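Everything quoted here is computed from the prediction, not taken from an experiment. By convention here, the first residue in the shown sequence is residue 1.
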Amino acid sequence: MQRTKLLILLFLLLSGSILFAQKITGKYYRIDRYDKVYLPMGEISFADRLVTYQVGHPAPNKKYRDSTQVLHEPNYSNYHTPNFASLGCGGVLVVEFTDNGFMNLPGDDIYIFEVGPSREAAKVEISEDGEDWLYAGLITGGKSPIDLSDVGIDEDTVFYFLRITDLKSLCRSISAGADIDAIGAINSVIKLTIEADVLFDVAKFDLKETAKHSIDSLAKSIQIVDKATIVIQGHTDSDGNEEMNMELSKNRCVAVKERLSEILGESVGYDYEVLAFGESKPKVPNDTDENKQINRRVEIMILPPKEYYESIQKN
């Protein structure tokens, strides 16, 4: 009897350890003493590369100028601990998201963790390539969400760069300018693109044997999140008629979906959507063989799970 109890206890402990070790992607991050914000992609959602840090004038004290503090998850504890970066009066900060991007999807899209005792306004801009910038909104300090729908940003582009410019609302301070702890993408996305020629023979939709290794590699990028909506988009060049190209792109999407399902498993927290575009969305003109090869592609978008969007619709 005693041995049986010990075995049961050991089983429960091991089961608990396994459950505890399971990866939970979505996380809540505290904003202040009372409120928090939920990021459905968790820790990968944050800017992780510093591009530019131009300190404004007057500048903050030197201890508040460690620009790397704006990267990754927020860690603000108190105003006297310099685990954030101050921009200075009129200062500019540019960051990049390297393992994910963000886009205009339902609800708020970005959250700027602007901290400290003072509320300092800043302008936010976004870019797909770090060169061409679009106005995304203003933050006024404290709770600082950005909804890209408010400024008419399209719902197709994935952005990777974000720029914050202090608006000189408070310049006489030891931490002059906006104080940034972290920059998170609420609507974080991972976009993967692979040329169709790598996966399929000309005008075919059966996966090449060698293509399976390429999809296996893509699956590893998906598995960094445990719950997601996987959108598979198929594109062709303009050779052949439009109806045939639409059917070809659909069948290719289905083939990729089936392979991903085999690798990732049917019981995990992934939903799939298949979108066939045929020749309707070329990346470049279909005027050379090289350009046609670029347009023949499969794009995979890993988006926050459907249950997240269902939850915000209820609120």
Side-chain angles (χ1 to χ4, degrees), residues 19-48 64 66-87 93 95 97 99-124 126 136-151 153 159 162 164 166 175 177-190 224-229 269 302-315:
L19 288 172
F20 183 76
Q22 285 178 343
K23 175 178 58 178
I24 303 298
T25 300
K27 288 179 68 174
Y28 282 96
Y29 294 91
R30 189 157 295 284
I31 300 168
D32 54 32
R33 185 179 301 178
Y34 306 104
D35 294 315
K36 52 193 175 181
V37 61
Y38 182 72
L39 272 63
M41 293 286 203
E43 65 183 75
I44 73 160
S45 307
F46 293 89
D48 45 17
Y64 296 116
D66 179 1
S67 54
T68 62
Q69 293 294 334
V70 308
L71 303 177
H72 311 302
E73 294 178 291
N75 63 347
Y76 177 77
S77 55
N78 61 71
Y79 181 60
H80 301 291
T81 304
N83 50 12
F84 59 90
S86 300
L87 300 191
L93 175 75
V95 294
F97 296 75
D99 54 6
N100 67 298
F102 58 91
M103 61 191 302
N104 182 12
L105 294 170
D108 292 327
D109 301 294
I110 304 164
Y111 197 91
I112 312 293
F113 290 78
E114 205 277 335
V115 298
S118 303
R119 297 194 171 189
E120 295 151 302
K123 177 175 68 173
V124 178
I126 58 175
L138 297 176
I139 58 171
T140 55
K143 298 174 184 177
S144 300
I146 296 283
D147 185 345
L148 298 176
S149 295
D150 291 343
V151 291
I153 299 296
F159 298 94
L162 185 143
I164 301 175
D166 177 72
S175 62
D179 306 314
I180 308 299
D181 179 25
I183 301 161
I186 299 175
N187 278 322
S188 176
V189 301
I190 301 170
I224 64 173
V225 295
D226 63 342
K227 290 184 179 181
T229 299
I302 297 94
L303 309 178
K306 290 181 179 179
E307 64 185 40
Y308 165 70
Y309 295 110
E310 291 168 356
S311 71
I312 63 175
Q313 286 174 355
K314 293 176 183 177
N315 295 333

Exercise. May I ask you to check whether Y76 and F113 place their ring centres under 6.0 Å from each other?
Key: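 No.
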pair [X]-[Y]: side-chain heavy atoms closer than 4.5 Å:
| X | Y | answer |
| --- | --- | --- |
| Y308 | I186 | yes |
| I183 | I164 | yes |
| I146 | L148 | yes |

Where [X] and [Y] come nearest, the two heavy atoms and their spacing:
| X | Y | result |
| --- | --- | --- |
| P106 | I312 | O-CD1, 3.8 Å |
| M41 | V225 | SD-CG1, 3.5 Å |
| K227 | E307 | NZ-OE2, 3.3 Å |
| D179 | G116 | OD2-CA, 4.4 Å |
| P304 | T229 | O-OG1, 3.4 Å |
| T25 | P40 | CG2-O, 3.7 Å |

Residues which pass side chain to side chain contact (heavy atoms under 4.5 Å, CB included) with [X], listed by chain and number, not counting sequence neighbours:
| X | value |
| --- | --- |
| T140 | none |
| Q69 | D66, N75, N83 |
| A85 | V70 |
| S67 | L50, Y53 |

Looking at residues at least two apart in the chain, or sitting in another chain, which of them share a side chain to side chain donor-acceptor pair (under 3.5 Å) with [X]?
| X | value |
| --- | --- |
| D108 | none |
| D166 | none |
| K143 | D35 |
| S45 | none |

Practice problem: Decide side chain to side chain contact (heavy atoms under 4.5 Å, CB included) for I190 and I44; before the verdict, give the C-alpha distance in whole Å, the side-chain angles of both, and the deciding distance to 0.1 Å. | Solution: CA-CA 10 Å; I190 301 170; I44 73 160; 3.9 Å; yes
Within the distance-only criterion (no hydrogens, no angle test), does the side chain of [X] pair as donor or acceptor with the backbone N or O of [Y] below 3.5 angstrom?
| X | Y | result |
| --- | --- | --- |
| Y111 | S144 | yes |
| N187 | N104 | no |
| E114 | I180 | no |

Quiz item: Quick one: which of F46, F102, F159 gives a ring pair (Phe, Tyr, Trp, His ring centres under 6.0 Å) with F97?
Solution: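 Only match with F97 under ring pair (Phe, Tyr, Trp, His ring centres under 6.0 Å): F102.
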Quiz item: Can you name the ring pair (Phe, Tyr, Trp, His ring centres under 6.0 Å) partners of Y79, sequence neighbours left out?
Solution: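 Checked Y79 against ring pair (Phe, Tyr, Trp, His ring centres under 6.0 Å); matches are Y64.
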Quiz item: Tell me the salt bridge (Lys or Arg N to Asp or Glu O under 4.0 Å) pairs involving residues 68-80, sequence neighbours left out?
Solution: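 Non-adjacent pairs meeting salt bridge (Lys or Arg N to Asp or Glu O under 4.0 Å): K27-E73.
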Quiz prompt | Pairs involving residues 74-86, ordered by first then second residue, that meet salt bridge (Lys or Arg N to Asp or Glu O under 4.0 Å) (sequence neighbours left out) | solution =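 Matches after skipping sequence neighbours: none remain.
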Quiz prompt | Separation between CG of D99 and CG of D48, rounded to the nearest 0.5 Å | solution =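 Here the rounded value is 4.5 Å.
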Quiz item: Can I224 and I302 be said to form a side chain to side chain contact (heavy atoms under 4.5 Å, CB included), step by step?
Solution: CA-CA 10 Å; I224 64 173; I302 297 94; over 6 Å; no
Self-check item: By salt bridge (Lys or Arg N to Asp or Glu O under 4.0 Å) - contacts of E43 (at least two apart)
Solution: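 Not a single residue meets the salt bridge (Lys or Arg N to Asp or Glu O under 4.0 Å) criterion with E43.
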